[in-house]
Amino acid sequence: MLSSVRTLWYTFLHLFQPNVTVQYPDEMPYLAPRYRGRIVLTRDPDGEERCVSCNLCAVACPVDCISLQKTEHEGRWYPEFFRINFSRCIFCGFCEEACPTYAIQLTPDFEMSEYNRQNLVYEKEDLLISGTGKYPDYNFYRVSGLAIPGKDKGEAEHERPPIDVRALLP
Amino acid sequence: MTVFLIDGKEYTAKPDENLLQACLGAGLDLPYFCWHPALGSVGACRQCAVKQYANAEDTTGKLVMACMTPLAEGARFSLADPETAAFRASVIEWLMINHPHDCPVCEEGGECHLQDMTVMTGHAYRRYRFTKRTHRNQNLGPFIKHEMNRCIACYRCTRFYRDYAGGRDLDVFAAHDHVYFGRHADGTLESEFSGNLVEVCPTGVFTDKPFSARYARKWDMRGAPSICTHCALGCNTTANERAGELRRIVNRYNGSVNGYFLCDRGRFGYGFVNAPDRIRTPLGRGADGKQAPISREDAVARFGALLRAGGRIVGIGSPRASLESNFALRSLVGAENFHPGVSAHEGVLLRLVTDILTSGAVHVPSLRDVEHADAVCVLGSDLPNAAPRAALALRQAVRGAGIVAAAAAEIPYWQDAGVRTYAGEVRSPLFIATPAATRLDDVAHTALRAAPNDIARLGFAVAACIDPGAPAVADLSADLTAQAQLIAQALLAADRPLIVSGVEAGEISVIEAAANIAIALRARGKTAALMLNLPECNSLGLALMAEGAGGLAAALGEPAALVIVLENDLFRRAGSAVLDTALAAAHLVVLDHSDGPTSQRAELVLPAASFAESGGTLVSSEGRAQRFYQPIFAENDVRAAWRWLGEAGRAAGNNACAGWSTEDDIVAALGSTLPHFVAAPRAAPLETFRITGKRISSEPHRFSGRTAMNADRNVREPKPPVSADSPFSATMEGYYGKMPPALLPFAWAPGWNSVQSVNKFQAEIGGALEGGDPGVRLLDAHKDATLAYYTEIPEPFAPRPGMWRAVMLPRVFGDEELSARAAPIRERMSPPAIALNEQDAAQIGAAGGQLLACELDGEPQHLALEIHPGLPRGVAGISGLAAKVHALPAWIAVTTSGLGAS
Ligand code: SF4
Ligand code: SF4
Ligand code: SF4
Ligand code: SF4
Ligand code: FES
């Protein structure tokens, strides 16, 4: 009895709370950067594609809606195509968790409705943005051991210059 | 069997195994790197540490390396002991100190033994904060990619390449943590077994270069058990597909055939399947005389009409097509009109080989038997070029004597470094008699250079030395007599003697001589193994089916109304003049997957499936019928040739074709029609085979992108394909686990993502697969079978003035028709050449590299001269002209002056 009265009282008090209804779309809600909306592919601080086509996002995806093909240019791996079928995507963010390069990121944009389901199939051209997204500094190739144009063997972080196999020194 | 204890639990193993083998055999997970079941132990990586206790009272124990520890009855070990577990984790940690942050961009990722072992030991966090050692990579040619930073210095690569495969151009350089595994300088790896480095190396140092260009992770590819179609040995492979494209070929373990290794022709020769100029639609010749695409229905109707039209119908089978397709053609045209599509000369050799092999009087060895032979005589066969995997097996056979000697000194066979050091130059005898040098000569007791006639005479003489009842060779030179006696003694002294020859020897007499040696050994109470190599993946199946019918000569002798050619380019089998006359008046229907001169002149071309788009059965030169399965399911008109033949036959009202709806039907019909193939239906489980009511999944359980890979074409997912001829499901749905070994679509086990997961499918580590090695042998020796001695001993070879005896010198890259279409193999091919002895070259005043003119099969040829010091005088070795092999052997004139003239 007492608890029912208390509940009614609290509910009554809400009459005096400020209104929280947002006049969307006239008024846009604030969404945190870590909100899980439309997926993008980002670039590294040098402006190159971050995705190295490792396929980890694709394998992490519980609905299997990511498909891509690796290709290579001067030692750098990148996707020949990168496709997300957003009509299947459940915005779980597992791909972002799995990505070792911070390439794939979920953004606070959720306005993706389409009349034609086919239009929900995004290709690399639709996904790739020109910035670094949430992680401004990370550059996978500065850490990895592959030689790419502008970063030879031994020039990555924490690397010694390459061994001269003909040297007799210990 | 030896009983030993691990963590208090009893296990059994063979007494001569080491503890690591025994643990893996017992299904336990113990990490390792430097040990490899085929390479043995060296105890270099320290990864396989376990505790050994002296007795039940001992609680302290000592650390030992499992791979270096022999088993003893009642011995006590612990894997779980915290001290050893910590030791194993710290071994990984220090191996990882210099390891690059590469997994996402490493082709090994997802099937990396180093990843697996790291997870197995539980090393998860990097504590090392200092700098990493780095290396520069080398360009190792079209097959292998090199990324030296990833090396953990386990030495498996050099041990395989140098010690096991006899390569010389890969080695280890520098010292301590600088060690570098590569060539002395950038350049193509020369060994025809270099591709195995991809699987032998437990890390991503050596990876598959063509695969990297069309890369997919292992978990993303459909796998199908397949059979190599690039020589007659029938190595077992796994064909991996993604998005309708054949991505790569990897080894599939078969303890009796290829074991852990393939040759590079087999691994890198698949490119023809993906070739853009493949035949993918039916083509009909229109009124304008040009071939144009036609619909499937039109094609069948036109074929049916041609079949109904009557007249002499000739069916030409193919040594590179499956038993199913060949049998379908044979049934359609009738046995009397079915001819093996091989050259006239090869037809004669094939008939001889099948006579010998089906007699039951000789033991036809498996490659495992070859590996265990203790005296070998090779007559006329350049195995490293003609049947590479068999050459690799012979290279292991010669180690036999050394292993026996080491065993006598109590060094177990798996103690690799010990056995090799102790054995030194002690080898089982290998005698090689060929016209030109071979890449096996370095381990041969004697490598003799002789013309084919003299090789045959040597063989006949060996037989006569073994059994005086064998026909003797008159006027044999003192040299050859001494050789013959030596070989005869060695073979007689052996327990498992082996004679090797093959169609590539080119002469009937050489094969007959080889057979005589086997017969003679049998007469002396020995079981002699006789390996007769054949040229193509189903040569033996075709020859057995043709029941002695000759080659093309018989097929094309009389005029025909309709000629049906199955997966064959006749212009590689006979001269164009002959073919032009024979085909001029006939309607020509060709069923093939790859375009060529024969399909180009056909009236009707039907797109036949390659080994990747259909299933089928092939018979290897061992007489082993093995089934291959379909990895590619594409929506087009490509279908197994037997399906086209069946449809056309039904359209023409032919009853023979009425009952074929699945591959099993046709194999069953084959088994009941031809006595040689009674066992063929047992080569693999039937289409109706299920485990727990399920089909076997051919895609790994984490196959990705299923709802996106086709979404660019249609966002609605297509209905998954259904495999009509096999017990596989074409998707990840279905059963995966213990299964009949012929069906293993890819090797994977929990915690074991790399190829080494095959451990989990073997009955005995490095031995047969659980459930028996796949395939069924069609030819077995029986006690009361007899084979009479061959008596036609050829005259000694006598050079003719101004003429040379042209013989074929096989080449591993380029000779085989299909692999020669693959881009990486093309990079390894060199232009056709003619080899002469240096004196012969001097006699015609030619220098190495100069173009020489000769005529083959009525066509002028200009071939670069190679000087082969060992080649007998009067013999000319032709190489790189496989399409002209039908014209060899022959006497030819060779001149320096003929350029431009003909
Ligand atoms: S996980 Fe990241 S780097 Fe790897 S394929 Fe996906 S987006 Fe690219
Ligand atoms: S070798 Fe294995 S552990 Fe090393 S980078 Fe490649 S996948 Fe990763
Ligand atoms: S290259 Fe591979 S096989 Fe060779 S030592 Fe290094 S890790 Fe071992
Ligand atoms: S040896 Fe022959 S069957 Fe084996 S992989 Fe090589 S070509 Fe293929
Ligand atoms: S596997 Fe035993 S020490 Fe390397």
Side-chain angles (χ1 to χ4, degrees), chain A residues 51-61 63-72 75-77 80-85 87-89 99-101 116-123 140-141 143-147 152-170, chain B residues 98-107 109-110 128-138 145 147-150 172-182 184 212-220 242-243 245 700 702-717 732:
Chain A
C51 173
V52 298
S53 198
C54 69
N55 279 288
L56 292 182
C57 51
V59 73
C61 177
V63 291
D64 284 349
C65 74
I66 304 179
S67 179
L68 62 149
Q69 171 60 49
K70 174 244 166 182
T71 185
E72 206 176 315
R76 224 186 144 101
W77 287 33
E80 179 184 282
F81 72 83
F82 194 110
R83 182 178 309 131
I84 302 183
N85 178 356
S87 77
R88 289 285 188 190
C89 178
C99 181
T101 67
N116 182 352
R117 192 178 152 203
Q118 186 68 45
N119 294 342
L120 285 167
V121 178
Y122 282 37
E123 297 290 340
F140 172 79
Y141 281 110
V143 185
S144 116
L146 289 192
D152 201 359
K153 289 284 175 196
E155 293 177 4
E157 292 168 16
H158 300 297
E159 278 190 353
R160 295 196 289 276
I163 300 297
D164 174 5
V165 293
R166 291 187 165 75
L168 293 174
L169 296 172
Chain B
N98 286 316
H99 204 73
H101 185 70
D102 269 5
C103 294
V105 287
C106 177
E107 287 87 345
Y128 177 79
R129 289 281 171 266
F130 306 99
T131 55
K132 295 178 184 179
R133 167 222 68 198
T134 62
H135 281 299
R136 294 202 178 280
N137 304 327
Q138 292 180 327
K145 227 177 149 175
E147 188 60 46
M148 243 320 279
N149 281 353
R150 299 172 188 152
V172 51
F173 302 91
H176 53 93
D177 74 332
H178 288 181
V179 286
Y180 187 92
F181 297 82
H184 70 288
S212 175
R214 297 297 304 156
Y215 185 70
R217 296 280 178 210
K218 180 181 178 182
W219 64 66
D220 273 345
R242 184 168 174 93
E245 188 182 336
R702 266 322 288 139
F703 190 88
S704 79
R706 293 187 302 165
T707 63
M709 54 196 290
N710 299 306
D712 53 334
R713 272 165 285 149
N714 188 348
V715 69
R716 283 161 197 87
E717 284 100 45
M732 64 162 85

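Below, read A as the first sequence line, B as the second, and so on, with proteins coming before strands; counting in each chain starts at 1.
- Contact count against chain B (heavy-atom pairs under 4.5 Å) is highest for A:V121 among A:L168, A:V121, A:T101.
- With values rounded to the nearest 0.5 angstrom, A:L56 atom CG is found 6.5 Å from B:R217 atom CZ.
- Between chain A and the residues B:M709, B:H99, B:R136, the largest count of heavy-atom pairs under 4.5 Å involves B:R136.
- Residue A:R166 touches chain B through its side chain alone, counting heavy-atom pairs closer than 4.5 Å.
- If you tally non-hydrogen atom pairs under 4.5 Å between each of A:S53, A:A156, A:G145, A:A60 and chain B, the highest count goes to A:G145.
- For B:N98, the part lying under 4.5 angstrom from a heavy atom of chain A is the side chain only.
- For A:F82, no part lies under 4.5 angstrom from a heavy atom of chain B.
- Both the backbone and the side chain of A:E159 come within contact range of chain B, each with at least one heavy atom under 4.5 Å from a heavy atom of that chain.
- Contacts between A:S87 and chain B at a heavy-atom distance below 4.5 Å involve the side chain alone, from C-beta outward.
- Proximity to chain B (any heavy atom under 4.5 Å) is restricted, for A:D152, to the side chain, taken from C-beta onward.
- Nearest heavy-atom pair, A:N55 versus B:W219, reported as atom, atom and distance to 0.1 Å: O-CZ2, 3.9 Å.
- Contacts between B:C106 and chain A at a heavy-atom distance below 4.5 Å involve the backbone alone (N, CA, C, O).
- Among A:E80, A:R88, A:E72, the residue making the largest number of heavy-atom pairs under 4.5 Å with chain B is A:R88.
- Atoms CZ and CE, on B:R706 and B:M732 in that order, are 3.5 Å from each other to the nearest 0.5 Å.
- Side-chain contact, A:D64 with B:T707: no donor N or O sits under 3.5 Å from an acceptor N or O.
- When every heavy atom of B:H135 is checked against every heavy atom of B:Y180, the shortest pair comes out as ND1-CD1, 3.3 Å.
- Rounding to the nearest 0.5 Å gives a distance of 13.0 Å between CZ of A:R76 and OG1 of A:T71.
- A:E123 contributes atom CD, which lies 5.5 Å from atom CG of B:D712 (distance to the nearest 0.5 angstrom).
- Proximity to chain A (any heavy atom under 4.5 Å) is shown, for B:N714, by both the backbone and the side chain.
- Heavy-atom pairs under 4.5 Å with chain A peak, among B:G109, B:A175, B:S212, at B:S212.
- Annotation for A:R160 and B:D177: closest pair NH2-OD2, 3.9 Å, computed over non-hydrogen atoms.
- With rounding to the nearest 0.5 angstrom, the CD atom of A:E155 is 9.5 Å from the OG1 atom of B:T134.
- Only the side chain of B:H176 has a heavy atom closer than 4.5 Å to any heavy atom of chain A.
- For A:E157, no part lies under 4.5 angstrom from a heavy atom of chain B.
- Only the backbone of A:C61 comes within contact range of chain B, judged by heavy atoms closer than 4.5 Å.
- When heavy atoms are compared at a cutoff of 4.5 Å, A:Q118 approaches chain B by way of both its backbone and its side chain.
- When all heavy atoms of A:W77 and B:V105 are compared, the closest pair comes out as CZ2-O, 3.1 Å.
- Interface remark: A:I163 contributes backbone and side-chain atoms alike to the contact with chain B (heavy atom separation under 4.5 Å).
- At a 4.5 Å heavy-atom cutoff, the contact between B:A711 and chain A is made by backbone and side-chain atoms alike.
- Summarising the geometry of A:C65 relative to B:A708, their closest heavy-atom pair is O-CB, 3.1 Å, with the distance given to 0.1 Å.
- Of the residues considered (B:R716, B:R133, B:R150), B:R133 shows the highest number of contacts with chain A, using heavy-atom pairs under 4.5 Å.
- Figure legend: B:R242 and B:F703 shown as a cation-pi pair, the cationic atom lying under 6.0 angstrom from the six-membered ring centre and within 45 degrees of its axis.
- In this structure, the portion of A:F140 lying under 4.5 Å from any heavy atom of chain B is its side chain and not its backbone.
- For a residue to count as touching a neighbouring chain, one of its non-hydrogen atoms must lie under 4.5 Å from one of that chain's; by this rule A:R83 touches chain B with backbone and side chain alike.
- How far CG of B:N149 is from NZ of B:K132: 8.5 Å, rounded to the nearest 0.5 Å.
- In this pair, B:Y128 and B:F130 present their aromatic rings perpendicular. The plane angle is above 60°, beyond the 30 to 60° band.
- Comparing A:L68, A:I66, A:N119, A:L120 by heavy-atom pairs within less than 4.5 Å of chain B, the highest count is held by A:I66.
- Of the atoms belonging to A:V63, it is backbone heavy atoms, and not side-chain ones, that fall under 4.5 Å from chain B.
- Contact of B:E717 with chain A is made through the side chain alone, with heavy-atom distances under 4.5 Å.
- Between B:F173 and B:G182, the shortest heavy-atom distance links the atoms CE1-O, 3.3 Å.
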